[in-house]
Structure formats: C-alpha cells, structure tokens
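Data first, discussion second: the structure below is written as structure tokens.
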Amino acid sequence: MVSGGCIVGGGDGDAAEQEVIAAAGVAEEEEEVVGQAPAARELVVGYALTSKKAKSFLQPKLRGLARKKGILFVAIDQKRPLSDQGPFDIVLHKLTGREWQQILEEYREEHPEVTVLDPPGAIEHLLNRQSMLQEVSELDLSDCHGRVGVPKQLFVNTDPSSIPAAVMRAGLSLPLVAKPLVAKSHELSLAYDQTSLTKLEPPLVLQEFVNHGGVLFKVYIVGDAIRVVRRFSLPNVDEGDLSNNAGVFRFPRVSCASANADDADLDPHVAELPPRPLLEILARELRRRLGLRLFNIDMIREHGTRDRFYVIDMNYFPGYGKMPGYEHVFTDFLLSLVQKEYKRRPSYSSCEG
C-alpha cells in the first residue's frame, strides 16, 4: 500500500483548470521529409501514429510552436527498418500489435540513448480493462483531501447465460456498466436488470454504476503536468429508473469534446474539480507504478459527497488536441526530457525552451 500523504501546494483545482495559455499564431510547418537528418541543436521527435491520430495531435499550432522551440516532428516510415531512420532523440508512438511492439523493444536495446514514449510493455497494461485499474485499487489515498477508489467490478469471459449468477456471487449491484475487455473501444452499455445481463457479449468487464451527477473529470497527464476538464456523462439512476427500465442501453461514446461541461450552469457541488493535491499524488503514483508519462484518468465524484472519487477508466496517449493549451504543455514536456536525459550532451547544453 502507498501512503496518501498530501503534497503541499498545487493550487486550487479550478484555477489550474482555467490555466489556458493562448497558442502563438504561427504558420503551418512545411511537410517534413521522412528520416531527415536533424539540424544542429534540433530536437528530433520521430512519430509513429495512425493518420487519424496524427491529424488530431499534430495540429498546425503545435507544429509551429515546436519549430520555434527547436523541435522537429519527423514521420517514421513503417515500411523501413526503424534503425535505418533518424537519428531520433525521442520516438513518439501509438500503434498496437505484437510486431510493432517487438520492433520497438529491439530498437530500445540498440539505441538506449533514445527516449521511447512510452515503453510498449507499460502501455499494454492500459489496453486490458481487467488489469487497467489494479494499480489504483492498491493505492491508499484516503487521507489527502479526499478518497480515491475504483468501482466494484467483475471480469466476465464465460457464457452469457451464466453472467447473472456470477454477478450475484460477486455481490455486484444493478445497474452495471459493461465495457469491452480490450480498451480500444470507448463503447459501453448499461444493464438495468438480471435478464439483460444475458444479452451482453463477453469478454468484458462489469462495473457497478456510481451516481455522479452526470459529470466526469478527464485528468490529462503529460509528464509532470496535469490538466483537468469537465465532460458530461451518464445521468444519475434512481429506484424509479431501475423499476421502469429493462434491457441493455448502449452508448457509443459517453465523453467527448462536444460534451464539454466546463461552461455549463452546473450545481457547484457537482462541478467542483477534484482537489489539486489529490490529483498530484494520484498522477505521481500512477506514473511511477505504470511507467507511463502520457495518459489520462477518467474520474467521477460520488453524488452527494464532496471527497469520494472513483477512477473508472484510463487511456494511453489520449486526445490531447481536446486539452486547452496542450501545445505549450507538450512542447515544454519534450524540452524537459532534453534537460533531464540529454543535459550532458554538448549539442543540447544551450537549448532554449
């Protein structure tokens, strides 16, 4: 167990959430050449992303700001050996599959001087919802401006007809949130009654639904930096809902940028952000335990309480393009890696950031 000793300072959560720096208006960077050799004192970040991810993350403002700070993003050609490309200072990726994982692991062994964001073995921990929240459940954060836990949950990989009995044995209460075991999908379902459980499709994870006022907190983590935004979520469920609803209700995606709740007229008890010291120690401990630097935490506050929080999901390399001021946060993070891991290199000793 890890002690939940509070971190001094950190500021008010709302102030931190409003800390949005206007991105500098800069022209879109000209298209880079794959495998281009870096200019002197330039930090080269090789990226291996899907086209959708690259478009959402490598936006013109980020590219332009990065160039001003001496950072060059270079596309990795997945059809060529990775070691034949570069040289890179950082490899940024969000690809899955055993073949890619093996390529990266071999590259890390051959080039220990290159920072890989993040190690594929560490990322794998967040791709499986059976193990995703294990580290959170083992933390003791009960004395740091609030309590953090995980909803009671059950891994199901059996015939659907046996799910009601398994739920009863585990002592879970309806309604239950059903999530795919593999965390590539954001789709979830809400099952209101025992009969509807037999209509689910294993393998999956069942979580007890916790009333949270219809608001979810997305906690973005970029190295040591933390940013929080509010998103609309599923509404509370009462006894009348349980009596009047039956079956499985499917939700393709509950929280997204279009569901932004930051400017909504919300009950202050629902809208109040989690305490900053609590988020700092939670993020710090998860970074240490998971070995990750780029991820986000989905948190809810139990309705009717002020200090009871639950982590319900985590994602690796989330949609940072939806995070206010992410351009500055991310470029500062990349430069901090230079200072921490390359500060002894003469070519980087005078880098400005």
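Heads up: numbering here begins at 1 and tracks the sequence. Below, all heavy atoms of this structure are taken into account, side chains as well, without hydrogens, waters or symmetry copies.
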Over 60° means perpendicular and under 30° means parallel, so classify the ring planes of F73 and F57, tilted if in between.
perpendicular
Kindly compute the distance separating CG (L176) from CD (Q207), expressed to the nearest 0.5 Å.
9.5 Å
Gap separating the CG atom of L58 from the CD atom of E327, nearest 0.5 angstrom
11.5 Å
Under 3.5 Å: donor-acceptor pair, side chain of Y316, backbone of D118:
yes
Kindly determine whether V148 and L139 satisfy side chain to side chain contact (heavy atoms under 4.5 Å, CB included), including the steps that lead there.
CA-CA 8 Å; V148 178; L139 293 175; over 6 Å; no
For a 4.5 angstrom cut-off between non-hydrogen side-chain atoms, does M299 reach V219?
yes
Any donor-acceptor pair under 3.5 Å linking the side chain of H125 with the backbone of I123?
no
So, D298 and R231, do they make that salt bridge, N to O below 4.0 Å?
no
Say you draw a straight line from CZ of R301 to CG of L216; how long is it, rounded to the nearest 0.5 Å?
11.5 Å
Test question: given the 4.5 Å side-chain rule for I, L, V, M, F, W and Y, name all other residues clustered with F155, or answer none.
L181, V205
For M132 and D313, run side chain to side chain contact (heavy atoms under 4.5 Å, CB included): C-alpha distance rounded to whole Å, both residues' side-chain angles, the deciding distance at 0.1 Å, then the answer.
CA-CA 8 Å; M132 177 189 293; D313 216 345; 3.0 Å; yes
When rounded to the nearest 0.5 Å, the distance separating CG of L95 from CG of L104 is 8.0 Å
Can you classify the ring geometry of Y192 versus F249 as parallel (below 30°), tilted (30 to 60°) or perpendicular (above 60°)?
perpendicular
When rounded to the nearest 0.5 Å, the distance separating OG1 of T50 from NE2 of H93 is 13.0 Å
At their closest point, which heavy atom of V229 faces which heavy atom of P324, and how far apart are they?
CG1-CD, 3.7 Å
Looking only at non-hydrogen atoms, find the nearest pair between R129 and V182 and report the distance.
NH1-O, 3.6 Å
With a 4.5 Å cut-off on side-chain heavy atoms, are R306 and H269 touching?
no
Using only heavy-atom distances, determine whether the side chains of D159 and S162 contain a donor-acceptor pair under 3.5 Å.
no
Where do G223 and I221 come nearest, in terms of heavy atoms and distance?
O-CG2, 3.5 Å
Do the side chains of F209 and L174 get nearer than 4.5 Å, heavy atoms only?
no
H145 and D307: which non-hydrogen atoms are nearest, and at how many Å?
O-CB, 4.4 Å
Which residues pass the side-chain contact (heavy atoms from CB on, under 4.5 Å) test with S56, sequence neighbours left out?
K53
For the pair R289 and E135, find out whether any cationic side-chain nitrogen is under 4.0 Å from an anionic carboxylate oxygen.
yes
Show your working on salt bridge (Lys or Arg N to Asp or Glu O under 4.0 Å) between R284 and E280 and close with a plain yes or no.
CA-CA 6 Å; R284 185 187 69 194; E280 287 181 344; over 6 Å; no
Take atom CD of Q78 as the centre, draw a 6.0 Å sphere, and report whether it contains more than 12 heavy atoms from other residues, nucleotides or ligands.
yes
Heavy-atom closest pair, residues L197 and P164:
CD1-CA, 4.0 Å
Examine R230 relative to F232 and say whether NZ or CZ is less than 6.0 Å from the centre of the six-membered ring and inside a 45° cone about the ring axis.
no
Is L92 close to F330 at the side-chain level, that is, under 4.5 Å between some pair of heavy atoms?
yes
Would you say Q153 and L206 make side-chain contact, with heavy atoms under 4.5 Å?
no
Carefully, step by step, assess R147 and F309 under the rule side chain to side chain contact (heavy atoms under 4.5 Å, CB included).
CA-CA 6 Å; R147 295 175 293 165; F309 298 93; over 6 Å; no
NZ/NE/NH1/NH2 to OD/OE distance under 4.0 Å, E113 and R108
no
Minimum side-chain heavy-atom gap L117-R293 below 4.5 Å:
yes
Within the distance-only criterion (no hydrogens, no angle test), does the side chain of N296 pair as donor or acceptor with the backbone N or O of K218 below 3.5 angstrom?
no
In Å, rounded to the nearest 0.5 Å, how long is the span from CG of N211 to OG1 of T305?
11.0 Å
Check whether any side-chain heavy atom of V311 sits under 4.5 Å from a side-chain heavy atom of L133, and report yes or no.
yes
Indicate yes or no: at least one non-hydrogen side-chain atom of P202 is less than 4.5 angstrom from one of I163.
yes
Does CD in Q102 sit with more than 12 non-hydrogen atoms of other residues, nucleotides or ligands closer than 6.0 Å?
no
Working note: D89 + V45, criterion side chain to side chain contact (heavy atoms under 4.5 Å, CB included); need CA distance, chi angles, decisive distance, verdict.
CA-CA 6 Å; D89 298 292; V45 180; over 6 Å; no
Look at the aromatic rings of Y320 and F317 and report parallel, tilted or perpendicular, splitting at 30° and 60°.
tilted
Using every non-hydrogen atom in the two residues, find where L278 and G146 come nearest and quote the distance to one decimal.
CD1-O, 4.0 Å
In terms of side-chain geometry, is the basic nitrogen of R287 or D224 positioned less than 4.0 Å from the acidic oxygen of its partner?
yes
Using distance alone, with no hydrogens and no angle criterion, decide if Q101 and E105 have a side-chain donor and acceptor under 3.5 Å apart.
no
